[in-house]
Every structure is written in structure tokens, then in C-alpha cells.
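Please read the structure below before turning to the comments.
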Amino acid sequence: MAQVPTDSTGVPSDTVVVSGGETGRLEALLEDDLTGDPTELIELLDELAENPLDVNTATAAELALIPALDPLTASAVIRFREANGLFRSLPEVQLVEGLTPEIYLDARPYLTIGPRLETTSAQAQRFPAAPALRTVLRGLSYRTTQRVQRRLDTQAGYEGPDSTRAFAGSPERIYTRLQATYRRQVSLNLTLEKDPGEAFRFDSDSNTYGYDYLSGHAALLDAGRIDALILGDFAAEYGQGVALWRASGFGKGPDAVGGPIRTGRGLRPYGSVEENRFFRGAALSVAATPNVFVSGFASRRQLDANVFVPDTLDLADPDIPPTALDGATVTSFGADGLHRTDTELSRKDALGQTLVGGGAEFRLATGTVEGRAGVVGYTASFDAPIGQGTRPDQRFNFSGDRATVVSAYADVKTRAGQAFGEAVRGAGGRFGGLAGVQADLGSSADLLLIGRHYEAGFTSLHGYPFGERNGVGQNETGLYAGVRVRPSRTWTVNAYFDQYRFPYLRFGVPRPSQGHEALINIEHRPRRWIRVYMQARTETKETGIDVPNIVSGSTVRGLANETRQTLRLHGEWSANRVLRLRARVEGSRFVETDGTVDTGALVYQDVRWQPTHWLQLDTRLTLFRTDDFDARLYAFENDLTGVFAIPALSGQGARGYVLLSATPIDNLSLQAKLASTWLRGVRRIGSGNSQVQGDRVRDLGVQVRYRF
């Protein structure tokens with residue numbers, strides 16, 4: 001599954017499935033990342049919440065995965081531990097320099113204290129202890145998740161007889177996941193999903209076995225010299241993500257200093273539902289020495305693609321039998337993971353990709369310096385060549401049936417800050433990369449500078465680099481500056497400014513263009529149970545317009561600025577253990593290329609009521625009004641665990657939801673969410689096959705999770 005575009009009314013034609021649980025810190029991290037699919041990121045946080053990191057054994061790289069801890073703070077925890085011994089209780093973590101009580105509260109759900117180890121034995125151990133097979137089998141923890149979601153109002157694609165309607169399947173999204181884990185070292189996983197409109201069927205020709213999508217793996221992690229051994233589906237994360245990364249990465253947002261920095265985990269098992277950006281095969285990473293890690297991986301899988309096969313029957317040599325893809329050219333790749341209509345089914349698994357790669361990494365950790373440096377690369381071959389395209393903006397796109405990508409990366413952390421960078425030779429021989437420095441300025445101030453340059457012809461195929469178009473990493477040069485200041489214990493100010501340029505034309509933009517973006521976020525926490533922040537964001541960029549030629553009467557393509565601005569005031573109050581309130585007022589302003597100004601506004605009230613330890617009710621009412629879709633506003637919502645709704649609101653109307661979560665017995669979790677959006681003055685919502693008659697759409701989701 002991948003993200004589903006929002007229709008022109010501002011109501012999602014399908015809920016974007018990306019995350020779950022609490023929204024505060026998570027919303028700040030994902031706010032500017034709507035082009036990616038953060039599902040895997042959210043599942044990682046869910047995993048961390050259920051299996052917290054032992055603060056006495058976790059590495060700096062593992063601690064940096066916690067959203068509240070940037071790489072510098074994570075390294076400071078390790079230095080404190082090495083200098084003062086193991087932590088005796090979690091509150092002691094607040095003694096680490098730079099780790100404020102507010103940061104501790106945000107990080108607390110992902111941390112724990114394990115059994116106290118003897119210091120001498122812990123220091124003598126060169127590699128993590130490998131568990132015995134009998135110990136693993138006895139200690140396996142099992143979890144099953146079953147989720148069903150659907151739009152209650154009938155969409156146009158489901159109307160009519162089965163033989164003529166557009167969508168072959170039912171409107172339910174069905175998700176099933178079976179997991180078995182031993183601590184953080186062994187993972188067995190099977191994930192199955194059917195998107196709305198997809199048929200539940202068995203068809204070997206289209207690689208459909210009941211559910212439309214299936215993912216599985218068996219993995220051994222941090223066991224002796226084995227850093228990672230994975231059979232099945234896996235992801236690769238190295239350096240700053242320019243060459244290899246997962247399906248999403250944090251971008252520009254309220255965390256101005258920590259958000260843009262990547263922290264690669266190397267080879268890791270994959271069990272999410274983004275259907276295109278992962279590998280399938282085998283992967284191994286081993287510690288040749290305690291400081292040198294060597295990895296290798298191989299993948300063979302089918303990709304969704306539009307493949308053009310010319311009619312060459314008259315030209316074929318009768319003595320040579322043709323193959324299915326003889327003379328074929330790939331015109332585009334499928335990105336949404338949907339297989340509902342004949343057209344969508346025709347591109348399912350249409351292109352085979354074989355990929356082989358590997359790398360080496362040196363890791364250093366002393367009392368004052370921590371760092372890593374490495375190289376990684378891969379060669380990917382396709383069963384049919386990728387076409388370059390005929391539009392002017394496609395001139396430098398990668399084409400061919402074989403691509404080689406090589407990357408060199410490094411980062412070094414000290415008490416004063418960190419420096420990092422990655423340089424990549426992409427597919428087709430073009431170059432791209434970034435370099436940055438994060439500095440501790442003292443007096444509770446931090447600075448982040450990142451410079452990036454991706455040539456017009458640069459393609460990494462499987463990267464997700466930081467940039468204005470987060471995750472694209474092509475035809476872009478920019479300089480980002482972010483600062484975080486804590487003038488007092490209760491106040492935090494985050495701000496950034498990003499200046500960028502596109503050296504070559506883009507789709508719809510006829511010549512090189514540029515833009516800039518700025519944000520300021522001022523947060524006040526006078527008490528642990530009160531949080532208030534104000535946030536202002538503005539972005540101006542050049543886009544393509546038609547300019548009339550007075551002499552000839554024709555039009556030519558030119559450039560003009562468009563500006564998007566938002567202003568937000570947000571407050572949270574935890575009255576007691578039973579009641580929590582959250583409210584927001586936000587406005588938007590969009591200045592079109594001709595000077596026309598569109599505006600929008602929303603206000604919502606969010607209530608969480610937890611009368612007992614096993615029952616929780618979340619509800620929200622949002623009122624909104626915008627001049628048109630350009631002035632739309634996003635409002636993140638609580639949802640089922642593993643799910644996060646991001647409706648883009650436009651027009652005039654209201655949206656409300658109720659989420660009920662219950663744990664009636666140990667290890668059993670039940671959830672249900674009902675959401676409804678009402679738009680004033682409309683007779684239908686959406687367009688095409690997603691259109692619903694009337695002025696209201698309703699969505700229902702239920703989930704059962706059981707652990708044993």
C-alpha cells in the first residue's frame with residue numbers, strides 16, 4: 001500500500017495509512033513528509049513502544065531512533081554512561097547534559113532499564129551474546145493483528161454489476177499480521193493486505209494468493225558477529241539515505257535541528273505495507289572485528305510498471321522463440337500499490353528486478369568521539385529497459401536495463417557537535433550528495449547547516465535523500481540552516497530557513513527555478529501537563545505560467561512566484577489522569593501567480609477520556625473553511641494502532657471522529673474508529689471511481705491485537 005491522493009474536495013478518497021497512537025511529537029516529525037509513506041517509521045515507533053530500548057545497553061544509533069533524541073543527545077547518553085557507570089533508574093537519564101525534563105518525558109515511552117550487568121563482564125564482551133536456539137524457542141513472543149477498514153458510503157467504482165463495475169473487489173481494506181519475536185534479536189513476520197477495491201482471490205498468473213500483497217521474513221540481529229541475517233523481505237539504510245533508504249524519511253518541520261539528519265541502521269527486516277520500496281531475497285551483515293562491519297545482499301522481485309510491448313510479430317525470427325518482454329520498454333513505475341481495475345492489474349509485477357550489493361563500514365566509539373565511515377553500492381538489472389521519456393524535463397532521466405550506484409559516507413560526533421556527509425555516483429554516472437554540520441553553540445542553543453547538490457541526471461533508484469522535494473534527490477541544489485534555542489527551562493524556539501534552486505526545468509516549469517522556505521516554532525511548557533506552541537511557515541517558489549506575447553498574440557511559458565503561508569496556535573492540557581484536552585486554531589494563505597489570494601482556516605477541539613486503565617476514548621470535532629484546494633489545511637488524527645489519518649481539509653464543512661480503545665484482558669487490545677466529514681453546498685464528493693453522492697462521507701475501522 002502507498003499513499004492515496006486527496007481528491008479535489010479536500011476529503012481523502014482513501015485514508016492515508018501511515019501511523020498510529022499519539023500525535024504530538026509524531027505530527028511534528030511527519031508534518032512536511034506527505035510525499036513519502038512513513039508507515040515503516042511508525043511501525044518502528046510502535047515496536048520501540050512495545051519493546052523499549054535498555055538505556056544501559058543501547059547504542060547511540062539505536063537511541064537516535066527515538067524522535068525526542070537527536071544524534072548529539074543520544075551520543076551524550078552513551079558518554080555519560082561510560083563515564084559514570086550504568087543508570088540505576090530511568091529518571092537519572094535527566095542528568096545527561098542537554099537532556100531536559102521535557103525531552104525525557106517525550107523519550108520515556110521508548111526507554112527501559114534491563115537487568116543490571118556486571119561492569120567487568122560487560123566491558124570484556126567484544127560482541128553481543130548470541131542466544132541459544134533452545135532459549136529462543138522458549139522465549140518467543142507471539143503477536144497477531146487483524147484490522148478491517150472501509151468507507152461506509154458507496155463509491156462510484158463499486159456501483160453496477162460485477163462485470164461492468166470499475167473495481168473488481170470489495171471496499172474493505174483488510175490487514176493481517178503474524179509476528180514472533182525474541183527480545184530484539186529474532187524476528188519472524190508475515191504481513192498480508194488487501195486494499196479497498198482489490199479482489200480477494202487466488203491467481204498465480206498475477207502473483208495473488210488471497211490477499212493482494214504479502215510480505216514475510218526471518219531475521220537474526222545482534223547475535224555474536226552477526227549484525228543482521230535476513231531471509232525474505234528487508235530494507236537497507238546507509239549514511240544519509242542518498243543511495244539507500246526506506247520508503248520515507250523525516251524532512252523539514254518543527255524539529256529544525258534533529259529532523260533532517262538521517263541515522264542509518266544498515267540492513268533491517270521489512271514487514272510493512274509499502275509495496276514497492278523494499279528488497280526481497282537474502283541479506284547478511286557481519287562484524288569482521290568489533291569496529292569493522294561487512295555486508296552483502298541480493299534481491300529478486302517483481303515491480304509494478306507500465307511496460308510498452310510493440311507488435312513485432314512480422315519481424316520476429318521464426319527460429320528464435322520470443323520472450324514475454326522482447327522489445328519492451330518501461331514507460332513508468334507504479335507507486336500506489338493499488339490493483340483494483342484492469343489497468344492497474346496490468347502493471348502489477350510487470351517488471352522483474354535483480355539487485356546485488358554490499359558494503360563495508362568502520363565504527364569508532366571512544367569516550368569523546370564517536371563516528372562511522374563506509375562505502376556501499378549495488379547493481380540493479382531490469383528484465384526490460386527503462387525508457388527515458390519524450391518530455392523536455394525527462395531529458396536527463398535514467399534509461400537502460402542496468403544501473404550501478406556507489407556511495408561513500410561518514411559522520412563524526414564529539415561533545416561540540418557532529419559533521420556528516422554522503423557522496424553518491426548514481427545510475428547513469430551522475431553525482432549527488434550532501435554534507436552538514438550540527439553544532440552545540442552552548443547556552444542551550446544548537447545549529448544545523450546542510451548543503452545539498454543533486455545533478456539533473458542524478459538517480460539513486462532506492463534512496464530517499466533530504467531536500468525540498470524530500471526523497472526525490474534530483475535536479476536540486478540547496479542550503480538549509482536550522483536553529484534550536486532554549487532560553488529557559490520552559491521555552492523552546494525552533495526555526496529554519498531553506499534556500500533552494502532547480503538548475504534544470506521541471507514538469508510544468510519551463511526553465512530553471514528557485515524558491516525559499518522558512519519556519520518558526522515557539523513552544524512553552526510551564527508545567528508537565530501544559531503545552532502551548534505557535535508556529536508560522538512561509539514558502540515562495542517559482543512555477544510555470546503562460547505569458548501572452550503582445551506582438552504575435554501567442555503565449556510563451558514563463559515563471560512567476562507563488563506563496564503558501566500558514567499560522568497555527570496549538571494548546572494541550574492534561575487535566576488529570578482521566579482527561580486530556582487539545583485545541584488548535586490555524587489559518588492558511590495562498591498567493592497565486594497572478595496575485596490572487598486564497599485563504600483558509602480551521603479550528604478543532606480534541607478530547608481524550610480514560611475512565612479506567614483499560615478503556616480510552618478519543619474524539620475530535622474540526623470546523624474548516626477554505627477558498628479552494630490551494631488553501632487546504634492538514635490535521636493529523638489519532639487512529640488505530642499502526643494507522644494514522646492525514647485528511648487534507650478544503651471547502652467548508654466539519655469533520656469529527658470517535659476512537660475507542662480497550663484492553664479488557666491482558667495482552668488483548670480492541671479498537672474501533674468512526675470518522676465523518678461533511679461538506680457544505682456540495683452534491684457529490686470526490687471524482688471518478690472514488691466519487692460519493694451526497695455531502696457526507698463516513699469511514700469505519702476496527703482492529704484486534706493479541707499477544708501471547
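The analysis underlying the following values was restricted to heavy atoms, covering all of them including side chains, and did not include hydrogens, waters or symmetry mates.
- Other residues, nucleotides and ligands place no more than 12 heavy atoms under 6.0 Å from the CZ atom of R402.
- A side chain to side chain contact (heavy atoms under 4.5 Å, CB included) with Y454 holds for exactly one of T459, V424, L434; it is L434.
- Taking the side chain as every heavy atom from C-beta outward, L505 and R395 never approach each other to under 4.5 Å.
- Side-chain atoms of Q499 come within 3.5 Å of backbone N or O of G515 as a donor-acceptor pair.
- Scanning both residues, P196 and R340, for their nearest heavy atoms gives O-CD, 3.1 Å.
- Counting only distance, with no hydrogens or angles, the side chain of T191 and the backbone of G271 share a donor-acceptor pair below 3.5 Å.
- The nearest pair of heavy atoms linking F234 to S299 is CZ-CB, 4.5 Å.
- Nearest heavy-atom pair across E542 and P512 is OE1-O, 4.2 Å.
- Taken to the nearest 0.5 Å, the CD atom of E539 stands 8.5 Å off from the NE2 atom of H516.
- Taking NZ of K348 as the reference point, atom CG of D212 lies at 3.5 Å (rounded to 0.5 Å).
- R347 contributes no side-chain N or O that, together with a main-chain N or O of H339, makes up a donor-acceptor pair within less than 3.5 Å.
- Side-chain atoms of E198 do not come within 3.5 Å of backbone N or O of G169 as any donor-acceptor pair.
- For the atom pair R589 CZ and T626 OG1, the distance stands at 15.5 Å (nearest 0.5 Å).
- Taking a cutoff of 4.0 Å between a charged side-chain nitrogen and a carboxylate oxygen, E468 and K252 qualify as a salt bridge.
- Two residues are said to be in side-chain contact when any heavy atoms from C-beta on lie closer than 4.5 Å; D349 and D304 meet this criterion.
- Between the side chain of Y480 and the main chain of L448, no donor-acceptor pair closer than 3.5 Å is present.
- Ring geometry, F297 versus F279: the interplanar angle falls under 30°, so the pair is classed parallel (tilted spans 30 to 60°).
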Determine, stepwise, if the pair E275 / D195 fulfils side chain to side chain contact (heavy atoms under 4.5 Å, CB included).
CA-CA 11 Å; E275 300 185 15; D195 286 318; 3.4 Å; yes
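- Donor-acceptor pairing under 3.5 Å is lacking for the side chains of S588 and T566.
- A search for ring pair (Phe, Tyr, Trp, His ring centres under 6.0 Å) contacts involving F502 returns Y500, not counting sequence neighbours.
- Remark: the backbone N or O of S513 is not paired with any side-chain donor or acceptor of R506 at under 3.5 angstrom.
- Other residues, nucleotides and ligands contribute only 12 or fewer heavy atoms inside 6.0 Å of the CG atom of D342.
- Of all heavy-atom pairs spanning Y270 and V273, the tightest one is OH-N, 3.9 Å.
- Between R300 and D383 a salt bridge is recorded (basic side-chain N to carboxylate O distance below 4.0 Å).
- Atom-to-atom distance recorded for H462:NE2 and N276:CG is 10.5 Å, nearest 0.5 angstrom.
- The line from CG of N306 to CD of E344 is 10.5 Å long, rounded to the nearest 0.5 Å.
- For the pair P71 and I261, the tightest heavy-atom approach, listed with the atom from each and the gap, is CG-CG2, 4.1 Å.
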Report, one line per pair, each donor and acceptor closer than 3.5 Å where one atom sits in a side chain of residues 236-245; sequence neighbours left out.
{"from": "E237", "atom 1": "OE1", "to": "R246", "atom 2": "NH1", "distance (Å)": "3.1"}
{"from": "E237", "atom 1": "OE1", "to": "R265", "atom 2": "N", "distance (Å)": "3.4"}
{"from": "E237", "atom 1": "OE1", "to": "R265", "atom 2": "NE", "distance (Å)": "3.4"}
{"from": "E237", "atom 1": "OE2", "to": "R246", "atom 2": "NH1", "distance (Å)": "2.9"}
{"from": "E237", "atom 1": "OE2", "to": "R265", "atom 2": "NH2", "distance (Å)": "3.4"}
{"from": "Y238", "atom 1": "OH", "to": "S295", "atom 2": "OG", "distance (Å)": "3.2"}
{"from": "Q240", "atom 1": "OE1", "to": "R262", "atom 2": "N", "distance (Å)": "3.1"}
{"from": "Q240", "atom 1": "NE2", "to": "R262", "atom 2": "O", "distance (Å)": "3.2"}
{"from": "W245", "atom 1": "NE1", "to": "S248", "atom 2": "O", "distance (Å)": "3.3"}

After noting the C-alpha distance and the side-chain angles of Y496 and V257, does the key distance pass the side chain to side chain contact (heavy atoms under 4.5 Å, CB included) rule?
CA-CA 8 Å; Y496 71 73; V257 173; over 6 Å; no
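- E193 contributes no side-chain N or O that, together with a main-chain N or O of Y211, makes up a donor-acceptor pair within less than 3.5 Å.
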Could you walk me through whether N475 and R469 satisfy the side chain to side chain contact (heavy atoms under 4.5 Å, CB included) test, starting with their C-alpha distance in whole Å, then the side-chain angles of each, then the deciding distance to 0.1 Å, before giving a yes or no?
CA-CA 10 Å; N475 183 32; R469 298 176 295 167; 4.0 Å; yes
List the steps, then state whether side chain to side chain contact (heavy atoms under 4.5 Å, CB included) holds for F167 with T341.
CA-CA 5 Å; F167 295 156; T341 66; 3.8 Å; yes
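- Applying the ring-ring contact (aromatic ring centres under 6.0 Å, His included) definition to pairs two or more places apart or across chains, those involving residues 392-412 are F396-Y504.
- Between the CG atom in L461 and the CD1 atom in I386 there is a gap of 6.5 Å [rounded to 0.5 Å].
- No hydrogens or angles considered: a donor-acceptor pair under 3.5 Å links the side chains of Q418 and Q438.
- A distance-only check finds a donor-acceptor pair linking the side chain of R564 to the backbone of D630 [under 3.5 Å].
- Looking at heavy atoms from C-beta onward, L351 lies out of side-chain contact with Q353 at the 4.5 angstrom threshold.
- In this structure, the side chains of T379 and V356 stay at 4.5 Å or more apart for every pair of heavy atoms.
- Closest approach of A283 to L267, counting heavy atoms only: CB-CD1, 3.8 Å.
- For the pair F590/D627, no side-chain contact is recorded, criterion being any heavy-atom separation below 4.5 Å from C-beta on.
- When atom types are taken as modelled, the side chain of R557 and the backbone of G508 share a donor-acceptor pair closer than 3.5 angstrom.
- Panel note: side chain D411, backbone G371; no donor-acceptor pair is recorded below 3.5 Å.
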